[in-house]
Structures are given as C-alpha cells and as structure tokens.
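Since the structure is predicted, the reported quantities are computational estimates derived from the model, not experimental observations. All ligand and atom numbering here is 1-based and tracks the order in the structure.
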Amino acid sequence: MAPLLTGQEVAKHNTRESCWIIVHGNVYDVTEFLDDHPGGSKIILKYAGKDATAEYEPIHPPDAITANLPKEKHLGPVDLSTVAKVEVRITDEEKARLKNVEARPPLSEILNLHDFEAIARQVMTKNAWAYYSSAADDEITNRENHAAYHRIWFRPRVMRDVTTVDFSTHILGHPTKMPIYITAAALGKLGHPDGELNLTKAAAKHGVIQMIPTLASCAFDEMVDAAVPGQVQFYQLYVNKDRNITKKLVQHAEARGIKGLFITVDAPQLGRREKDMRMKFTDDEPHAQKGDAGVDRSQGAARAISTFIDPGLSWKDLDWFRSITRMPLILKGVQCWEDALEAYDRGLAGVVLSNHGGRQLDFARSGIEVLVEVTRELKARRGLSFPNEKFQLFVDGGVRRATDVIKAVALGATAVGIGRPFLYAFSSYGYEGVDHALNILHEEFTMNMRLIGARNLGEIVPEMVDASNIGSHIVSVPGDELYNSNYVDMQHAKLRKA
Ligand code: 173
C-alpha cells in the first residue's frame, strides 16, 4: 500500500494551477474540475490544500466528489493527524446563534408546527434559514399557500359517537397512519448534521411515508438502509438532461424497493429566491459573485446546483419512463385541471397539486385551490370521484395544522405533503423534533376528527367543508398571528457601509 499522504504535501497544492482538497479523509486533485464545479471555483479555492469536509458535507451527497471526478484524480487517504485544522473564525453572529441553541425551550413547550419555525429561525445559520424559508420573487404564492386554507370553513356533524377515530389510510396502496407524507426537500444537512436521516427515522416510528429527494444531502442508499423492514419510501426525481443518469437513478430506486416515482414537473428552471440570493451578496466580497467560469454564485445555493435539470422534459417522455420502470408514476407540480386530466388520460398513478412551496412561479395558485377545480373537472369529464384509488390526488404547500389536511381530504385529496415544518423541526431539535412534530399532528387529527364528526377518513366528505370562497383571493379572513409573525419580510438592496 502506498504511504498515506500528509497534510504538508496536500498544503503545497493550494493554487488554481494545482488544487488539492481533502474530503472525508481522502485527497482529491480538483484542478481541472474547478471551472466545472456547479458552485463556482471560488469556494473550492478557499479550501485549496486544506480539509474541505465541513463546507462540503451539508451541500453534497457523500458520493458527489467520487462520482464526478475521474479515478486518477482520487489521490488516496491522508494522515489526518498531519492536517492543519481549518481555522473556523467564530463571529459574533455565530456566538449569538450558539447561545440561542442553548436557550431552546424543551419540546414540551412546542405546541404546534409554527413553534418549530419560530425556534428554527433563531437557531439556524443565516444561510440555512434563508435557503429553507425563501420563495420565488415577491413570495406571494408562498404566503397564499397557507392563506388559502383560511378561506375554507367547516360544516361539522354531531352526535356520531366519536369515541374512537382512525385516520389511517393508503397512499398508492401502501398504509400510512395519517393522511400525510414527508415531502421532498433538498439539502437537509444545512439544517442538521444528520440531514434527511432524521426524517427516515421519524417516519418509521410514526408509520408515515418519506419522499426521498434527488438532491438530499444524505446519500440515497443511506436513507434506504436506515429504513426499518417494510418501511415505505417514495422517490422525488429531478430529470437530468443526461437521461442515462436518470435511468440509473430510477432503476436503482426501484431495485432498492422505492414504491412510487414522483417526477418534479414545475422546475424546468429554478425560481429566483431572493432571500437566498441576498445571502451570497452579504457573504461574498463585493463584485466577487461571478465565478471564474461564468458560474454566477449570486443566484443562491439552489440555482448553483440545479443546472442539470432538463427544461426539455415533456409529455412525450412518459413512455420512456414506463419503459425503464414499473414504479407508479406521479407528476409533482401540476397546477391546473387540464394537466391533471392529461396525466389521468395518460395512465399515471396520480398528481401532486403543488407549486413547489411557493419557490417556483410566483402567483401560481395554491394546491388546495387547484384541488377544487381538478376534482370538479375530472368528475364532469371522466366521471371520477375522489379520493380515487386509481388516480390519486395529493396537495402540498402551506400546511401547518391537521385541520388543513382534513380540508384537503374533504375536497378529495388522498394525502397531503408536508415539507418545511419537518425541516424546521429537525433544524431546531434533530430527530426528536420530527418525532414531536408528528406527535402534534397525531393529536391534532384525533381532536379535529372528533370535532368534525368523522370516525374515519371515509367520513370526511365534501359536505363537511365550505370552500365556496377558495377562488376569491381577497376575501377577508381572521389574521393568523402565528404564521404571520414567523414570516420574515423581504429586504431591499442596502447601501454599502462607508
Ligand atoms: O426548491 C428547491 O430549492 C429545490 O427544489 C432545489 C432544486 C435544485 C437544487 C436545490 C434545490
């Protein structure tokens, strides 16, 4: 065996002409890769000759570097005892953040999903908070996603013996203890070192389904390996311009037992998330945002790593998907009845009525509003009733309470995806946070099923809600203080400090 490389040797390669970095105890020659790095060369050069693991970890799956660099650039393991620690300068801001982490209230004081967000905002790094919380343009859709639920009111039934209530159901034929699933979101390790594994574990405990994202920080196999026997997982797919890569991912997912393929169709290009973009402006030196290869770092983390997504994806591709997998296919990000009908006519297993958490097209309508027109038109045109086993409707975006979910179920959804609240739960409390979030939802379901007069989900019928105002975007509703006080206003550009 070749002797281990030393830190001193690696440190010599600290320039654009010869750039080595250490990740997870191994040395890589990234000189020729610098200009191809989706995140720009500048960030790599900052770690030239050094250990980049801490910076690398939250925003790359563990195999990103090994998969992208030719074998001859893998220089082998380094003797970590000889590697100088990268000096981490603890800023005043970071000190204040760490103090906040210490000051988190016990979970028993977290009473609802909004509470996680309020804590997360104070204990997350500024970058991570900006990345998770940001949404497209003026963030109108982001707020509307939540507000739309406030235009729906209940018509409960009484005198029904609600001693026991059961809100379990099936999604694509697979059991779930609640009509929700943990939806996909990228970059879990920005919020917590265990990233998406927090979700895998909590999903197992609570008998709910996790949708594994293409752009998770954890490796796909880590999340599948962490599942308990029989635990159901779905896979969210970003379709790569290189279909061979997509084919490999899909077939690997199927081989590993993934039970549904949710193809994201609302992100041919990533939306502008200005809160995320402003972070780069404040952290980088002025005028330094343009990477040397023209990779524009000012676009925020997500845009930098999303250039592989194929804007050419079209209905014609569905036959190809069918030829490479037997998993049920669901389109995630459908936003009107016409496309839902097309998906049904083309034999898909369902659609997620979603606007990507308000992160894509601003002024896209909420999933819950679209649900109302989809069920109406598919009933009128194809005689379908909902929930429907053969063609399932899901919604996501803005859900914070079991009452939100119950409204969606009443209007025909099979289940509802919840994303940010779980990210905030693990960002503030790790696995225990997600566990607690699911407990809260469970309790809210029990109480609200009783109060609405439904013993099971089949008894939650359209007559139990008044959604007549759903399409009116300016009806007056009672203010939602918890939600609104978590919302962080957008900021204008600021004058430079003198
Ligand atoms: O919403 C997102 O941030 C998202 O879907 C994404 C897409 C590509 C890269 C990172 C995140």
Using a strict 4.0 Å threshold on nitrogen-to-oxygen distance, state whether [X] and [Y] make a salt bridge.
| X | Y | result |
| --- | --- | --- |
| Glu117 | Arg420 | no |
| Asp310 | Arg243 | yes |
| Asp404 | Arg401 | no |

CA sep, side-chain torsions, deciding dist, call: Ser354, Phe394, side chain to side chain contact (heavy atoms under 4.5 Å, CB included): CA-CA 8 Å; Ser354 165; Phe394 307 98; over 6 Å; no

Any N or O of Ser306 closer than 3.5 Å to N or O of ligand 1: no

List every atom of ligand 1 that sits less than 4.0 Å from any heavy atom of [X], numbering the atoms from 1 in the order shown and giving each element.
| X | result |
| --- | --- |
| Leu215 | 7 (C), 8 (C), 9 (C), 10 (C) |
| Tyr238 | 4 (C), 5 (O), 6 (C), 7 (C) |
| Ala186 | 10 (C), 11 (C) |

Residue pair Asn145 / Ser366: nearest heavy atoms and the distance that separates them: OD1-CA, 3.5 Å

Residue-ligand contact Arg273/ligand 1, heavy atom below 4.0 Å: yes

Within reach of ligand 1, part of Leu270 (heavy-atom separation under 4.0 Å): side chain

